[in-house]
**Q** 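Could you have a look at this structure, given as structure tokens, before my questions?
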Amino acid sequence: MIKTVCVVVLSAAALAFNTLLCFLPVMLLGLIKLCVPLSFIRKASNRSLNAIASFWISVNNLVQKSTSAGEIEVNGVRELKENDWYMLVANHQSWVDILVLQRVFNRRIPFIKFFLKKELIWVPFIGLVWWALDFPFMRRFSKTMLTKHPHLRGKDIEVTRKACEKFKDSPVAIMNFLEGTRFTRQKYAKQKSPYSHLLRPKAGGLSFALSAMGGRIHKLLDITIVYPEGVPSFVDYLGGRVKAVKVYVREITVDESLIGDYQTDEQYKASFQKWVNVLWDEKDRLIHTANQ
């Protein structure tokens, strides 16, 4: 027990130090982009920022391996490109999922970024880091808001699409957890989910993200994460208690049938929901098989 606590403390300290070490140059480059909004400055800064982010993950991965973090068995797609555009979807069970994804895909695809709520840009310190690293900020309007103000229809897509314009010449990998939250038995029971190992997927979020990218993303990576020994906590992972992780990766072509107006086109909405449900059915069966 004492050994595990020591490992957790040392791992957390190493990760914190690495984060602080990388935070300072990211802040500096972010301020340069803000104060000198020239195209060539932005491009040069972005290259440096992505390099720093990849270095940060690489060091984090070394820390994890040094603390006996379990081996990750990767099945499926092997030929990936660091200079291509990707949308990633995955099941979500633990904060460990993010560390696993970073270990599997670092330097194999572009630095993984997340769509964030527009309000999160005001989070002290980290909001500026997200901005500096070009995390796209989304602005969503509720059905109630759209009913009261119909002129706002399509504005959320347009705002986010403009935020994604910076990816026109800079490949990116966007992560989307379709369940919207981590899987727990309590949430599973409350939702009355029709799946055995998954919560209900939120198809609208994925549709919105694909539309916001303006057709630049042509490859979707369907990722299934399985913990054969049970879902670990962050502390379990840092303490070296997770000995095995299975990751299944499938590449899916994003064609025109997957792009549309989810809010107003009912035919497209029904078709997209059906496609996502089939995707989730297959993922649920895969998890069941992998756990046997």
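We number each residue from 1, following the sequence as shown. Predicted model, so just to flag it, every value in this text is computed and none were measured.
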**Q** Whether the side chain of Arg200 engages the backbone of Gln191 through a donor-acceptor N/O pair (distance < 3.5 Å, no angle test) should be reported.
**A**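 Here the side-chain-to-backbone pair exists.
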**Q** Using the rule that Ile, Leu, Val, Met, Phe, Trp and Tyr join whenever any side-chain heavy atoms are under 4.5 Å apart, tell me whether Leu29 and Leu31 fall into a single cluster.
**A**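 Leu29 clusters together with Leu31.
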**Q** Is there a donor-acceptor pair under 3.5 Å between the side chain of Ser58 and the backbone N or O of Ser54?
**A**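 Yes; judged by distance alone, with no hydrogens or angles, the pair exists.
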**Q** Roughly how far, to the nearest 0.5 Å, is NZ of Lys246 from CD1 of Ile287?
**A**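 Answer for the CD1-NZ pair, Ile287 versus Lys246, is 12.0 Å.
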**Q** Within the 3.5 Å criterion, strictly below it, is a donor on Tyr227 or Ser94 matched to an acceptor on the partner's side chain?
**A**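 No, no side-chain donor-acceptor contact under 3.5 Å.
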**Q** What residues form a salt bridge (Lys or Arg N to Asp or Glu O under 4.0 Å) with Asp265, not counting sequence neighbours?
**A**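 Once residues adjacent in sequence are excluded, Asp265 has no partner under the salt bridge (Lys or Arg N to Asp or Glu O under 4.0 Å) criterion.
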**Q** Main chain of Glu251, side chain of Lys219: is a donor-acceptor contact present, judged purely on distance under 3.5 Å?
**A**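 No, because the side chain of Lys219 does not come within donor-acceptor range (under 3.5 Å) of the backbone of Glu251.
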**Q** Please state whether the rings of His92 and Phe177 are parallel, tilted or perpendicular, taking 30° and 60° as the class boundaries.
**A**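 Geometry flag for Phe177 against His92: parallel rings.
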**Q** For a quick test of reading the model, state the closest non-hydrogen atom pair linking Ala132 to Asn46 and the distance between them.
**A**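 So the two residues come closest at O-OD1, 4.3 Å.
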**Q** Verify, without hydrogens or angle tests, whether Asn18 (side chain) and Ala14 (backbone) share a donor-acceptor contact under 3.5 angstrom.
**A**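 Side chain of Asn18 to backbone of Ala14, a donor-acceptor pair under 3.5 Å: no, none is there.
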**Q** Go through the steps to decide whether Ile225 and Leu101 satisfy the test side-chain contact (heavy atoms from CB on, under 4.5 Å), and finish with yes or no.
**A** CA-CA 9 Å; Ile225 304 172; Leu101 290 168; 4.2 Å; yes
**Q** Check the pair Lys269 / Gln273 against side-chain contact (heavy atoms from CB on, under 4.5 Å), numbers first and verdict last.
**A** CA-CA 6 Å; Lys269 181 178 180 179; Gln273 285 179 338; 3.6 Å; yes
**Q** How far apart are the closest heavy atoms of Val242 and Pro232, and which atoms are they?
**A**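 Scanning both residues completely, I find the closest heavy atoms to be CG2-CB, 3.3 Å.
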**Q** Taking atom CD of Glu82 and atom CD1 of Ile109, what is their separation to the nearest 0.5 Å?
**A**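 Reported to 0.5 Å precision, the distance equals 9.0 Å.
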**Q** Do Trp85 and Val254 touch side chain to side chain, with heavy atoms closer than 4.5 Å?
**A**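 Of all side-chain heavy-atom pairs linking Val254 with Trp85, none is under 4.5 Å.
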**Q** Which heavy atom of Pro110 sits nearest to which heavy atom of Ala173, and what is that distance?
**A**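 For Pro110 versus Ala173, the nearest heavy atoms are O-CB, 3.5 Å.
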**Q** With distance as the sole test, does Asn83 use its side chain to make a donor-acceptor pair with the main-chain N or O of Pro171 at under 3.5 Å?
**A**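 Judged by distance alone, no pair lies under 3.5 Å.
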**Q** Strictly distance-based, threshold 3.5 Å: is any side-chain N or O of Asp284 a donor or acceptor partner for the main-chain N or O of His197?
**A**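 Checking the backbone N and O of His197 against the side chain of Asp284, a donor-acceptor pair under 3.5 Å is found.
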**Q** Can you find a heavy atom in the side chain of Ser233 that is under 4.5 Å from one in the side chain of Asp236?
**A**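 Side-chain contact under 4.5 Å: yes.
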**Q** Can you measure from CG (Asp261) to CD (Glu266) and round to the nearest 0.5 angstrom?
**A**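 Here the interatomic distance stands at 10.0 Å.
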**Q** Once side chain to side chain contact (heavy atoms under 4.5 Å, CB included) is applied, do any residues pair with Tyr188, and if so which ones, sequence neighbours excluded?
**A**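 Only Phe183, Arg185, Ser193, Leu199 meet the side chain to side chain contact (heavy atoms under 4.5 Å, CB included) criterion with Tyr188.
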**Q** If hydrophobic clusters are built by linking Ile, Leu, Val, Met, Phe, Trp and Tyr wherever their side-chain heavy atoms come under 4.5 Å apart, do Val278 and Trp275 end up in the same one?
**A**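 Shared cluster, no.
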**Q** Side chains of Ile98 and Gln102, heavy atoms from C-beta outward: is any pair under 4.5 Å?
**A**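 In short, these two side chains touch, coming nearer than 4.5 Å.
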**Q** Is the number of heavy atoms from other residues, nucleotides or ligands under 6.0 Å of Phe55 CZ greater than 12?
**A**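 No.
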**Q** Could you state the interatomic distance from CG (Leu15) to CZ (Phe234), rounded to the nearest 0.5 Å?
**A**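 The distance works out to 6.0 Å.
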**Q** Can you tell me how far the OH atom of Tyr195 sits from the CG atom of Asn91, to the nearest 0.5 Å?
**A**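 Nearest 0.5 Å value for the OH-CG distance: 13.0 Å.
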**Q** Does the Lys113 side chain pair with the main chain of Val172, one donor and one acceptor, at a distance under 3.5 Å?
**A**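 Absent.
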**Q** Is there a path from Leu34 to Leu133 through hydrophobic residues (I, L, V, M, F, W, Y) whose side chains come within less than 4.5 Å of each other?
**A**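 Same hydrophobic cluster.
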**Q** Indicate if Trp122 and Trp130 have the same hydrophobic cluster label, given that clusters are the connected sets of ILVMFWY residues with side-chain heavy-atom separations under 4.5 angstrom.
**A**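 Yes; Trp130 is reachable from Trp122 via cluster members.
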**Q** Would you please test Glu179 and Trp280 for side-chain contact (heavy atoms from CB on, under 4.5 Å) and show each step?
**A** CA-CA 10 Å; Glu179 293 161 296; Trp280 234 236; 3.7 Å; yes
**Q** Measure from the side-chain N and O atoms of Ser45 to the backbone N and O of Ile41, and report whether any donor-acceptor pair falls under 3.5 Å.
**A**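 Indeed, once roles are kept as given, a pair shorter than 3.5 Å links the two residues.
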**Q** Fit a plane to each ring of Phe111 and Phe135, take the angle between them on a 0 to 90° scale, and name the class: parallel (under 30°), tilted (30 to 60°) or perpendicular (over 60°).
**A**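 Phe111 and Phe135: perpendicular rings.
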**Q** Name the one of Leu88, Val77, Thr224 that satisfies side-chain contact (heavy atoms from CB on, under 4.5 Å) with Val249?
**A**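 Exactly one option meets the side-chain contact (heavy atoms from CB on, under 4.5 Å) with Val249, and it is Val77.
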**Q** Could you work out, with side-chain hydrogen bond (donor to acceptor under 3.5 Å, both in side chains) as the rule, every residue matching Thr181, not counting sequence neighbours?
**A**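 Thr181 satisfies side-chain hydrogen bond (donor to acceptor under 3.5 Å, both in side chains) with Lys187 once adjacent residues are dropped.
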**Q** Donor-acceptor pair, Arg241 side chain versus Val235 backbone, under 3.5 Å?
**A**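 No; judged by distance alone, with no hydrogens or angles, the pair does not exist.
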**Q** For Arg42, enumerate each residue passing the salt bridge (Lys or Arg N to Asp or Glu O under 4.0 Å) test, keeping only those at least two apart in sequence or located in another chain.
**A**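 Per chain and number, Arg42 pairs via salt bridge (Lys or Arg N to Asp or Glu O under 4.0 Å) with Asp134.
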**Q** Does any non-hydrogen side-chain atom of Val276 lie less than 4.5 Å from one of Val89?
**A**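 Counting from C-beta outward, Val89 and Val276 never come under 4.5 Å.
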**Q** Measuring from Leu49:CG to Leu28:CG, what's the distance to the nearest 0.5 Å?
**A**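 So the CG of Leu49 and the CG of Leu28 are separated by 9.5 Å.
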**Q** Under a 3.5 Å cutoff, is there a donor and acceptor pairing between the side chains of Asp255 and Ser257?
**A**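 Their side chains do contain a donor-acceptor pair, which is all the 3.5 Å distance test asks for.
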**Q** With sequence neighbours left out, what residues match Leu10 under side chain to side chain contact (heavy atoms under 4.5 Å, CB included)?
**A**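 Not a single residue meets the side chain to side chain contact (heavy atoms under 4.5 Å, CB included) criterion with Leu10.
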**Q** Between Tyr86 (side chain) and Ile112 (backbone), is there a donor-acceptor pair under 3.5 Å?
**A**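 Not a single qualifying donor-acceptor pair exists.
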**Q** Give the C-alpha distance, both sets of side-chain angles, the deciding distance and a yes or no for side-chain contact (heavy atoms from CB on, under 4.5 Å) between Trp56 and Val26.
**A** CA-CA 11 Å; Trp56 173 69; Val26 166; over 6 Å; no
**Q** Minimum heavy-atom separation for Ser207 to Tyr262, with atom names?
**A**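 Heavy-atom minimum between the residues: OG-CB, 3.5 Å.
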**Q** Applying a strict under-4.5 Å side-chain criterion to I, L, V, M, F, W and Y, I'd like to know whether Leu62 and Phe105 cluster together.
**A**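 Result: no, two separate clusters.
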**Q** Within the structure provided, determine whether Lys43 and Arg47 are in side-chain contact (heavy-atom separation under 4.5 Å).
**A**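 With C-beta onward as the side chain, the pair touches.
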**Q** For Leu258 and Tyr268, which heavy atoms make the closest approach, and how far apart are they?
**A**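 Closest approach of Leu258 to Tyr268, heavy atoms only: O-OH, 3.0 Å.
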**Q** Who passes salt bridge (Lys or Arg N to Asp or Glu O under 4.0 Å) against Asp222, sequence neighbours left out?
**A**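 By the salt bridge (Lys or Arg N to Asp or Glu O under 4.0 Å) rule, Asp222 matches Arg250, Lys283.
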